[in-house]
Undergrad: 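Sending over a structure as structure tokens; questions will come in a sec.
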Amino acid sequence: MAGDETELTIRSQHGLLRDLIPIYGFRQLVPNLVALGLVLWLSLAIGHFPTGLLPFLMLGWVFQYVSRPSAMTVTPEQAAWLEEVLDEQGYYERSEADGRWRLSERQWWHWSSHLFVGFVPGERVTVIAPRDSMESIRASLELLDEHEILFPDGDQPFVFTAGEPEPLPWHVQVPGWGLGIACVLAAIWYIATHEMGGMLDWGVSGAALAQGRFETLFLHMFAHSGAMHLAMNMTMLAAIGGALTARLGSPPLSWLRFLALYLLCGLAGAALYLAIHPTGTVPMVGASGALYGMFALLIRAPEAGEGALPVNSRRIRRVGWDLIKQNVFLFALLATMAWLQGAPGGLAWEAHLGGFLFGLFVGPRLLPRPAAVAESRAPAVVAAD
């Protein structure tokens, strides 16, 4: 099936303001009111809002928000292919009452009437589905011409199985593991030699630089506010480290490029943080700025040796928008928790943005030239005398 060049745009059926309260049916409203009543009762019983419940309330909101009703227009050929897949997979089944595709086996959390996939015919067919399912539908349509797609019965809808990737050689993991070990050892040493945790002395801020502590410009990239913060960043480093190093050429030059990218993206994140808070006293710690910059380069160079994608490509726009939404949610969650607890802190989105922009626009300069990569892969020619 030939791919359609029209942008596959997902839009809300009800608008953003309506989706902020993502309740679309009576059976969905009842458990939400029960949960709200329990929180209010507990708040009155203990005399204050229980801040420990905030993450659970936010997760409950996210759980419902990601399934908000959405729509997308596709060609009649694409719609026919989607319905064929729904029928073949068996995860959904067509309702004889309204012709909509509903889950064949309803689970306890499928309480709302908007959890269906529908097709509204026309010159271009409008697909209606929960947002999380629609993301899978769009990804399947975009990848249809690029991969062999398999749909196992009873699995999640529109899951594709691509070919097995070639295993990465051991040496591409060296710089990522090296930086990860350095961050872990830094945390262990700090805990062993300081009375207070958090590594805040290594945090960069306007006040720290005013005191002449310029070493914090580099130390903050190896410092973390706690075990969870360290684990999250090291997980991301392990996930992208090998794949990114493979795109940076051959060792040891690729290792040096990887380290340079880490430091430069971290400095770029710190620069934007300091530019927005030039006299701030809240220290910023963590490798997130550096990691976001490395991730930005990775999405611009999806294939080793193929050069960088244009900044205005669909892939870059899609990933960039997803990162913005993730950071807005994390910032709101952490800022609300800090406010309720009466303590400063939160998500240093400025460092995330600064590192990401550096990796996106400047990072490709660290990629080896495609011609050099091709030469390094070519078999050696030996002259015999």
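When reading the values below, keep in mind they use all heavy atoms of this one structure, side chains included, and skip hydrogens, waters and symmetry mates. Remember, it's a predicted structure, so these values are computed and weren't measured experimentally.
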Undergrad: First locate atom CD of Gln78, then atom CZ of Arg138, and finally report the distance between them rounded to the nearest 0.5 Å.
TA: 12.5 Å
Undergrad: Test of understanding: clusters of I, L, V, M, F, W, Y form through side-chain heavy atoms closer than 4.5 Å, transitively. Do Ile240 and Leu360 belong to the same one?
TA: yes
Undergrad: If I compare all heavy atoms of Val285 with all of Ser225, which pair ends up nearest, and what's the gap?
TA: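 Looking at all heavy atoms of both residues, the closest pair is CG2-N, 3.8 Å.
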Undergrad: If two hydrophobic side chains count as joined below 4.5 Å and joins carry through other members, does Val85 share a cluster with Ile137?
TA: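 In one cluster with Val85: Ile137, yes.
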Undergrad: Looking at every non-hydrogen atom in both residues, tell me the closest pair between Val172 and Leu168 and how far apart they are.
TA: CG2-CB, 3.7 Å
Undergrad: Is any side-chain heavy atom of Ser205 less than 4.5 Å from a side-chain heavy atom of Val282?
TA: no
Undergrad: Could you check whether the rings of His277 and Tyr273 sit parallel, tilted or perpendicular, using 30° and 60° as the cut-offs?
TA: tilted
Undergrad: Please answer: with hydrophobic residues joined when any side-chain heavy atoms are less than 4.5 Å apart, are Ile276 and Leu217 in the same cluster?
TA: yes
Undergrad: Has Arg300 got a side-chain atom pairing as donor or acceptor with Ala296's backbone, closer than 3.5 angstrom?
TA: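 Side chain of Arg300 to backbone of Ala296: no pair is present.
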Undergrad: Counting C-beta onward and ignoring hydrogens, is there a side-chain heavy-atom pair between Ser133 and Trp101 closer than 4.5 Å?
TA: no
Undergrad: Just verifying a value: how many Å separate His220 NE2 and Leu200 CG, rounded to the nearest 0.5 Å?
TA: 13.5 Å
Undergrad: Assign the ring pair His229 / His224 to parallel, tilted or perpendicular, where the plane angle (0 to 90°) is split at 30° and 60°.
TA: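 Rings of His229 and His224: perpendicular, over 60°.
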Undergrad: Does a side-chain heavy-atom distance below 4.5 Å link Met199 with Phe222?
TA: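 Answer no - side chains too far apart.
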Undergrad: Heavy-atom distance under 4.5 Å between the side chains of His171 and Ser250, does that happen here?
TA: no
Undergrad: Strictly distance-based, threshold 3.5 Å: is any side-chain N or O of Gln28 a donor or acceptor partner for the main-chain N or O of Pro22?
TA: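 Side chain of Gln28 to backbone of Pro22, a donor-acceptor pair under 3.5 Å: yes, one is there.
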Undergrad: To the nearest 0.5 Å, what is the distance between CD1 on Ile23 and CG on Asn32?
TA: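 Going from the CD1 atom of Ile23 to the CG atom of Asn32 covers 3.5 Å.
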Undergrad: Take the angle between the ring planes of His14 and Tyr24 and call it parallel below 30°, perpendicular above 60°, tilted in between.
TA: parallel
Undergrad: At their closest point, which heavy atom of Gly249 faces which heavy atom of Ser254, and how far apart are they?
TA: O-CB, 3.5 Å
Undergrad: Got a second to check how far Leu291's CG is from Leu261's CG, nearest 0.5 Å?
TA: 10.0 Å
Undergrad: Checking the side chain of Arg100 only, and the main-chain atoms of Gly118 only, is there a donor and an acceptor separated by less than 3.5 Å?
TA: no
Undergrad: Quick check on Gln211: does its CD atom have over 12 non-hydrogen neighbours (other residues, nucleotides or ligands) under 6.0 Å away?
TA: yes
Undergrad: Would you say the side chain of Trp202 lies within less than 4.5 Å of the side chain of Thr216, judging by non-hydrogen atoms?
TA: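 No, their side chains stay 4.5 Å or more apart.
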Undergrad: Pick from Gln13, Met134, Arg131: which one makes a side-chain contact (heavy atoms from CB on, under 4.5 Å) with Arg68?
TA: Arg131
Undergrad: Just jot down the ring pair (Phe, Tyr, Trp, His ring centres under 6.0 Å) partners of Phe258, sequence neighbours excluded, or say none.
TA: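 Applying ring pair (Phe, Tyr, Trp, His ring centres under 6.0 Å) to Phe258 gives none.
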Undergrad: With side-chain contact (heavy atoms from CB on, under 4.5 Å) as the test, would you mind laying out the steps for Met72 and Thr126 before giving the verdict?
TA: CA-CA 6 Å; Met72 180 176 66; Thr126 299; over 6 Å; no
Undergrad: Do Ser288 and Met232 have side chains that approach each other closer than 4.5 Å (heavy atoms only, starting at C-beta)?
TA: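 Not in contact.
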Undergrad: Quick one: do Ile299 and Phe356 satisfy side-chain contact (heavy atoms from CB on, under 4.5 Å)? Show the steps, please.
TA: CA-CA 11 Å; Ile299 64 174; Phe356 184 83; 4.1 Å; yes
Undergrad: Given side-chain contact (heavy atoms from CB on, under 4.5 Å), test Leu353 with Tyr292 step by step and report yes or no.
TA: CA-CA 8 Å; Leu353 179 61; Tyr292 267 75; over 6 Å; no
Undergrad: Could you work out the complete set of other residues in the hydrophobic cluster of Val174, with links drawn between I, L, V, M, F, W and Y side chains under 4.5 Å apart?
TA: Trp170, Trp255
Undergrad: Looking only at non-hydrogen atoms, find the nearest pair between Asp132 and Ser67 and report the distance.
TA: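 For Asp132 versus Ser67, the nearest heavy atoms are OD1-CA, 3.9 Å.
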Undergrad: Ignoring hydrogens, what is the shortest heavy-atom contact between Gly354 and Ala268? Give both atom names and the distance.
TA: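 Scanning both residues completely, I find the closest heavy atoms to be O-CB, 3.7 Å.
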Undergrad: Determine whether Leu309 and Leu357 fall in the same hydrophobic cluster, where Ile, Leu, Val, Met, Phe, Trp and Tyr are linked whenever their side-chain heavy atoms lie under 4.5 Å apart.
TA: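 No, no single cluster joins them.
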Undergrad: Where do Leu272 and Phe358 land on the side-chain contact (heavy atoms from CB on, under 4.5 Å) test, with the steps shown first?
TA: CA-CA 11 Å; Leu272 184 58; Phe358 185 91; over 6 Å; no
Undergrad: Might you point out which heavy atoms bring Gly293 and Cys265 nearest each other, and give the distance in Å?
TA: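 Smallest heavy-atom distance, with atoms named: CA-SG, 3.6 Å.
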Undergrad: Are the side chain of Arg213 and the backbone N or O of Asp201 linked by a donor-acceptor pair below 3.5 Å?
TA: yes
Undergrad: Once ring pair (Phe, Tyr, Trp, His ring centres under 6.0 Å) is applied, do any residues pair with Phe116, and if so which ones, sequence neighbours excluded?
TA: none
Undergrad: Working to the nearest 0.5 angstrom, can you tell me the gap between Leu219 CG and Tyr190 OH?
TA: 10.5 Å
Undergrad: So how far is it from Leu230 CG to Met228 CE, rounded to the nearest 0.5 Å?
TA: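 Between atom CG of Leu230 and atom CE of Met228 there are 10.5 Å.
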Undergrad: Do Leu82 and Val117 come close enough that some side-chain heavy atom pair is under 4.5 Å?
TA: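 No, every pair of side-chain atoms sits at 4.5 Å or beyond.
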Undergrad: Please tell me if the side chains of Phe218 and Leu267 come closer than 4.5 Å, counting only heavy atoms from C-beta onward.
TA: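 A side-chain contact exists here, since the closest heavy-atom pair is under 4.5 Å.
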Undergrad: Decide whether Ile21 and Leu36 are clustered together by the hydrophobic rule: side chain heavy atoms of Ile, Leu, Val, Met, Phe, Trp, Tyr closer than 4.5 Å, transitively.
TA: no
